[in-house]
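As a basis for the values below, the full set of heavy atoms in this structure was taken, side chains included, without hydrogen atoms, waters or symmetry mates. The structure presented is a predicted model; accordingly, all values stated were derived computationally and were not measured.
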Amino acid sequence: MTTDWHCIDKPPVEVMPLPRTDSSDYHPLKQVTVTVLESKGTRNRKASNASSIASTGILDPLSQAFDGSDPLSQFAKQASLEVDPLTQIAAELSGLKKADSPLEEAIEPWSARRSAILNKYTTAERLSIVTSFLSGGESIKAQTTMTEKVKYRLEQLDDFADAYHMQDVTQQEYVLRIEQLNQELVHAWNNDHRVTSLKIAIQCSKLLADTSVMHFYPSQFVLITDILDIFGKLVYDRLKAKAGYIKPGSSNPTALPDNFTPDMVPETAKETCLNWFYKIASIRELLPRFYVEAAILKCYSFLTSTEFNLALLRLTRIIRGIGDPLVSMYARCYLCRVGMTVTSDKEYIRENLTDLFTVYHTMYTPRLKNELTRQRLDVPTYLSLYIPALDWILQGMAVHTSDHILDDILDRCLSQKNNGLLLNSVLTSFSYTFTARRALKLLFAIGENTSDGYPQAQLLRSLGSCLVMSSVMPDEKEQIWGEAMKLIGDLKSPGQFVASIETWAEYTSSEYSLSHMSELLDLLLRHMNQSRVFEQHYTELQAVVDRIVRNSKDLEGLLTLKNFMPVMDLFQKESVKLEVCRNIMTVYKGKIETTTNDPVTTNALMYICRVLNDSVNALTVDDERRQIGGLISHMIKQVDFGKDFEAQLTFYVDARATFLNLDTVYATLIHCVNNLAMETRRMIRGQHSKKTAAFVRACAAYCFITIPSIVAVATRMDLYLISASVALQNLCLGQADSCFEAAIDLISELPAVVEVEGKIKSTESYLTSFIGSLLSTLIIVPDSPDQGVLYLLRFLLDKLKLYQFDDVHSQSEVTLINIYLIVLDMLSTAAQDTYPYHIPGVVSNDELYGSDPKFIAEIDTLCSKVADQILINLKILADKGQLKTQCNLAHELFLRIIRATDLTRDKQFTLAVNLWNLVTKNKALMDGKLLLATLGTVEQLRKIYGITVQGKRLEELSMRMRNKL
């Protein structure tokens, strides 16, 4: 042997710790400095004092590419920013629009509703469009007098000879044509063709009279009013730009401020503004005249500050001339939308509501029903076309309005015949508090609304949503619930029933007792079990169960209801049932923090988790496996039978038999059983009786049997080590030895590399860490009389030779040296008279052998063999040119020699001197402070040993070390 290792007792004082030389500078809390080196083909970049670019902070390519947000969120953000050209042009023209009226600030902006309307109201029918514009620009004639100019411009407004009719266009073609009109309007305006722009605005307004395809009308309204908004913005900005304001005491005109008053506007600008209103007043047809004037309504601010309210009331009365109820409703909507931007007064909104109530009956005339028949529209679908406009009007009226005025509006709605549409808009537009306090009154009104009009189910659903969102509990709580269940139960259509019960299920779950929830579930089962209609409503049923579970105040009590599991049995489609069970367990994991031992609850949870477990197969992705495993593991941890440990172990046995597919669940069960064994030890304070000893042995056997079912080798190794430690603390020495042997035996099966997040990583760092933990436990494990001295350590060294290193990703020599250094640490500790720690009741080798010379000789022999292996691998590192690594590891071996071996032996002293010479030979690669600290350690040890032979050898060593520095 190259070495003559002889362990000695370590000094009784604590020696100054030295930093590990083979450790990296990485620390999870330390900022990382990333150096990006320039390579061939890259452009040269400026850098200070280096040809590299250094930046502090954690560098993440995805974070840089997506401004710190995760890619999915960034893609969603980009998708939300991709708007259609019409909206983009409007945004470019209008910029950031600020609310001029407190009323507009208090309600949901129209832009938030725009996309929803365009997505909802579509059609596959063929559309028609009439357009009139001059694509080549205006032909300008010479006019000499003002009368001729006015006459010519009026002729232009009436001249539609160039109009042409496009029929049978698709919805997409229609939208593209509208966008084309918008671009033509802007282009004409930018080329100073104001009349052409006005003609296009008039043409677009005329399109709003077309109801030949009613189902598309709300989207048609949105598209065209966007153009009108742009036109109004262009006119307003043009007038404001022309209105140069001369401040008092100044002769130079400046631009009008945003909060200007009419007296600041010069007369020329006022005259121009009046000319615009005169032009619009000359439009013969009522609908375009109304829309175009409403579009430039804000321009009245250049004339007078009192004109807005009068103009709004006048335009409200103009709407009375529109015969079609759908067209008139959206005209009122546009007027209210424009009015909210210029005034806080709501007199015009109230006037519009009064007129609306007056003509409400016209929605149900025989002529209109014939038109619906021709267009193949049913009455509920037709009435839904009014919702966006009516909701906006009522929402504007409800803001900052006293309850007694809203009560008056509600009474007027209820007094109408076929008032379902009005009721729905009241429910969605008025405040939740207002609605909740009148819930019973509204329920009675909904109960009377049984005619062939607006669906009663939708009204019940809307009222349920209001009650869910309200923070006020109605006074007639029980009566409300009973009346609602009666109305919902009377619904004949399964689709309407399940749609209406969804919001009431959520409200019942959050505000009522479990008995109420039980009745609701009974009602659900009665309706859904008829002729197996549940098969057509899986999505709706899933939403119902999800709302119940998420809002339940007593989730465990909910699971114990006798009719909850029958509801779960309605989901006979595996994919739907899996999603429902996953949602339940997700909520359970997030809400339930207390443990349970109720058998009904436990059985329900086991049933739900069994569905999750059975869905796992060979095709299941790893992420889904982790999610399902985490949910099941949480459930297992929540089941606690208290001090009835046998019942607890029985539950774990049943869980092992039930959940067969998931490593995560197996690992959780093993941890739980080990915790159970340690809790048993704590209860009896380490003094096992015959019964408790048998119980902890059963726990150890459970773990030993279960661990082989796990696929991941590293997980099995960790669990064997933990289970062995637990068995050792419970004095189950035979079971502990079996677990230690099984863990060591798996080293040869450990794969050299594994894939982590798409990257190949070596398992060598894990192996080193595992062996360190293993050896720290083996120190106190007594040798088996049947196996010999340090049997488990010898077995480990043999198995280590069978570990297959990867040729590409491994550093086999470095790994082996690090492991052998740990072995030396363990052996030097095993040679001490007294070990640093013990387990009560376990007779470790220090007591078992009592520092017997034969035992120490075996340790010395093992140390010499291990040290020889270290020297062999250091030579290999030198051959490979890894000098810095070689010096660092040689330094580590040197530290162990001076601390734990007998330097009076010439062979060992010579080895120490040679190692120091090797380290200092390449001292440029080493940290100078580290070398000085090492010298200080030797000096401190010399003082401890004093004038002994060991002390003299240390003195000689320190002199040689100093000469090499």
Side-chain angles (χ1 to χ4, degrees), residues 498 502 505 509 517-518 521 524-525 528-529 532 534-552 554-592 595-639 650-669 672 706 709-711:
V498 75
E502 181 180 337
S509 179
M517 179 51 61
S518 179
L521 294 177
L524 182 67
L525 287 170
M528 290 293 102
N529 275 323
R532 298 179 64 85
F534 58 82
E535 294 178 348
Q536 285 79 44
H537 300 284
Y538 280 139
T539 304
E540 295 88 344
L541 285 172
Q542 181 180 349
V544 171
V545 174
D546 187 50
R547 291 199 182 207
I548 291 173
V549 171
R550 290 185 183 279
N551 294 276
S552 177
D554 183 6
L555 182 56
E556 292 183 344
L558 176 67
L559 296 176
T560 61
L561 293 179
K562 63 179 182 180
N563 43 22
F564 183 79
M565 298 313 295
V567 170
M568 294 295 298
D569 291 335
L570 293 178
F571 300 100
Q572 297 185 8
K573 188 176 180 181
E574 291 301 324
S575 59
V576 179
K577 192 167 192 174
L578 171 62
E579 193 62 31
V580 172
C581 292
R582 190 204 304 270
N583 290 340
I584 292 174
M585 294 310 301
T586 301
V587 175
Y588 181 83
K589 182 178 180 180
K591 292 179 67 172
I592 303 301
T595 58
T596 182
N597 58 9
D598 180 71
V600 179
T601 304
T602 303
N603 288 335
L605 291 172
M606 289 286 285
Y607 170 81
I608 295 171
C609 289
R610 188 183 301 115
V611 174
L612 297 179
N613 178 81
D614 293 346
S615 69
V616 177
N617 52 45
L619 301 178
T620 305
V621 296
D622 291 341
D623 184 58
E624 187 171 359
R625 283 177 175 270
R626 282 192 295 268
Q627 290 181 13
I628 294 176
L631 295 175
I632 299 176
S633 296
H634 177 77
M635 183 275 295
I636 291 171
K637 295 174 185 177
Q638 294 304 111
V639 177
T650 301
F651 168 75
Y652 292 144
V653 172
D654 293 339
R656 182 179 62 185
T658 302
F659 309 121
L660 303 174
N661 299 325
L662 298 165
D663 283 4
T664 307
V665 178
Y666 281 136
T668 300
L669 288 170
C672 288
T706 307
S709 302
I710 297 174
V711 176

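The distance from atom CD1 of Ile584 to atom CZ of Phe564, rounded to the nearest 0.5 Å, is 4.0 Å. Rounding to the nearest 0.5 Å places NE2 of His537 at 5.5 Å from CE of Met528.
The backbone N or O of Ile710 lies less than 3.5 Å from no partner atom in the side chain of Asp663, so there is not a single donor-acceptor pair. Formation of a donor-acceptor pair under 3.5 Å by the Lys591 side chain with backbone atoms of Ser552 is found in this model. Looking only at distances, a side-chain donor or acceptor of Tyr666 sits under 3.5 Å from a matching main-chain atom of Leu660. For the pair Asn529 (side chain) and Leu525 (backbone), a donor-acceptor distance under 3.5 Å is present. At distances below 3.5 Å, at least one donor-acceptor pair connects side-chain atoms of Thr586 with backbone N or O atoms of Arg582. Using modelled atom types, one side-chain atom of Arg625 and one backbone atom of Asn617 make a donor-acceptor pair closer than 3.5 Å.
Counting all heavy atoms, side chain and backbone alike, Gln638 lies closest to Ile592 at NE2-O, 3.7 Å. Closest approach of Met568 and Cys581 over heavy atoms only: CE-SG, 3.7 Å.
Salt-bridge annotation for Arg550 and Asp546: present, with a side-chain N of the basic residue lying under 4.0 Å from a carboxylate O of the acidic one.
Listed by chain and residue number, nothing satisfies the salt bridge (Lys or Arg N to Asp or Glu O under 4.0 Å) test with Asp622 (two or more places apart in sequence, or in another chain).
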